[in-house]
Amino acid sequence: MKKIIYTDKAPAPIGPYSQAVLIGNTLYTSGQIALNPETMELILDNIETETQQVMENMKAVLESADMTFENVVKTTIFIMDMGDFARINSVYASYFDESNAPARETVQVAGLPKGVNVEISMVAVK
């Protein structure tokens, strides 16, 4: 049975999608961008603060499903410029224990919502 996951500690969906969907013990998240959930303003100061906001949004979604980054088994990172990869990866890595890190792909794309530079989605299992 499908359960919709929602928290006001992450940006509210701005379209016909949910922040996450829980099916059994598996959580599928929508992609998160660097929107401040309180103001719905983008945090685009630099790629590090942008990535940190994305990860904090994802943390809030995971927590609303009683999970943490330790439960994450797969991530997808969409970036505008592969030249930013190392800086994005540095922030991303700070949220995971490298010995238990999830599977991941990172792809450069032609465009992302609201002109952001990074979007991340995850699959987690409890």
Side-chain angles (χ1 to χ4, degrees):
M1 182 128 127
K2 173 167 108 169
K3 178 181 178 187
I4 302 302
I5 301 299
Y6 175 80
T7 178
D8 61 2
K9 294 179 181 170
I14 50 176
Y17 64 92
S18 301
Q19 290 171 331
V21 175
L22 183 65
I23 300 198
N25 62 350
T26 304
L27 182 72
Y28 300 90
T29 74
S30 292
Q32 286 290 327
I33 61 174
L35 280 170
N36 177 315
E38 294 175 12
T39 65
M40 291 301 283
E41 297 291 324
L42 287 170
I43 307 299
L44 302 176
D45 302 334
N46 58 56
I47 196 64
E48 290 87 359
T49 58
E50 184 176 351
T51 305
Q52 182 176 11
Q53 184 65 56
V54 170
M55 294 299 287
E56 288 298 313
N57 291 345
M58 194 57 70
K59 180 179 177 183
V61 172
L62 290 167
E63 288 176 349
S64 71
D66 296 321
M67 295 190 193
T68 69
F69 287 109
E70 289 183 13
N71 297 100
V72 176
V73 296
K74 178 77 164 65
T75 65
T76 303
I77 303 176
F78 303 97
I79 61 177
M80 288 295 296
D81 181 353
M82 199 57 80
D84 288 333
F85 176 76
R87 293 165 54 206
I88 291 168
N89 194 53
S90 177
V91 175
Y92 170 93
S94 71
Y95 286 85
F96 291 101
D97 174 356
E98 192 170 325
S99 68
N100 190 28
R104 175 183 82 186
E105 67 260 334
T106 303
V107 293
Q108 181 172 314
V109 296
L112 288 168
K114 296 186 173 280
V116 300
N117 300 295
V118 61
E119 180 176 0
I120 301 175
S121 64
M122 298 182 178
V123 177
V125 178
K126 191 167 187 179

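- Taking all atoms of both residues into account, the shortest heavy-atom contact from M122 to L62 is SD-CD1, 4.3 Å.
- A search for side chain to side chain donor-acceptor pair (under 3.5 Å) contacts involving S99 returns D97, not counting sequence neighbours.
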Exercise answer: donor-acceptor pairs, residues 18-27 side-chain atoms, under 3.5 Å, sequence neighbours excluded:
unit_1	atom_1	unit_2	atom_2	d
Q19	OE1	T7	N	2.6
Q19	NE2	T7	O	2.9
Q19	NE2	A10	O	3.3
Q19	NE2	P11	O	2.9
N25	ND2	K126	O	3.1

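- Cluster annotation: V72 and I120 are assigned to the same hydrophobic cluster (Ile/Leu/Val/Met/Phe/Trp/Tyr, side-chain heavy-atom contacts under 4.5 Å, transitive).
- Other cluster members for Y6: none, since no ILVMFWY side-chain heavy atom sits under 4.5 Å from it.
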*Just do the side chain to side chain contact (heavy atoms under 4.5 Å, CB included) check on V118 and I77 with the steps written out, would you?*
CA-CA 7 Å; V118 61; I77 303 176; 4.0 Å; yes
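- For T49, the side chain to side chain donor-acceptor pair (under 3.5 Å) partners at least two apart in sequence or on another chain are N46.
- Screening residues 24-52 for salt bridge (charged side-chain N to carboxylate O under 4.0 Å, His left out) gives E48-R87 as the qualifying pairs, with residues at least two apart or on separate chains.
- Contact of the F69 side chain with the E63 side chain is not registered, since no non-hydrogen atoms from C-beta on lie closer than 4.5 Å.
- Residues that satisfy the side chain to side chain donor-acceptor pair (under 3.5 Å) test with N36, not counting sequence neighbours, are absent from this structure.
- Crowding of Y28 atom OH: a count of heavy atoms from other residues, nucleotides or ligands under 6.0 Å not exceeding 12.
- Following chains of ILVMFWY side-chain contacts shorter than 4.5 Å, one can reach M82 starting from V91, so the two form part of one hydrophobic cluster.
- Going from atom CD1 of I88 over to atom OG1 of T106 covers 8.0 Å, rounded to the nearest 0.5 Å.
- The hydrophobic cluster around I14 extends to Y17, I33, L35, M40, L42, L44, F78, M80, V107, V109, L112, V116, counting ILVMFWY residues whose side-chain heavy atoms fall within less than 4.5 Å of a member.
- Looking at residues two or more places apart in sequence or on another chain, you find a side chain to side chain donor-acceptor pair (under 3.5 Å) between T75 and Y92.
- Applying the 4.5 Å side-chain rule to ILVMFWY residues, one finds that M1 remains a lone member of its cluster.
- Taking a 4.5 Å side-chain heavy-atom cut-off between Ile, Leu, Val, Met, Phe, Trp and Tyr, the cluster of I43 contains only that residue.
- Identified under the salt bridge (charged side-chain N to carboxylate O under 4.0 Å, His left out) test for residues 1-23, with sequence neighbours left out: none.
- Within the structure, every pair that satisfies the salt bridge (charged side-chain N to carboxylate O under 4.0 Å, His left out) test and touches residues 99-125, not counting sequence neighbours, is listed here: K74-E105.
- Closest approach of D81 and Q108 over heavy atoms only: C-OE1, 3.8 Å.
- Between atom NZ of residue K59 and atom CE of residue M55 there is a gap of 10.0 Å, rounded to the nearest 0.5 Å.
- The backbone N or O of I47 sits less than 3.5 Å from a side-chain atom of T51, completing a donor-acceptor pair.
- Residue Y95 holds its OH atom at 15.0 Å from CD of E70, rounded to the nearest 0.5 Å.
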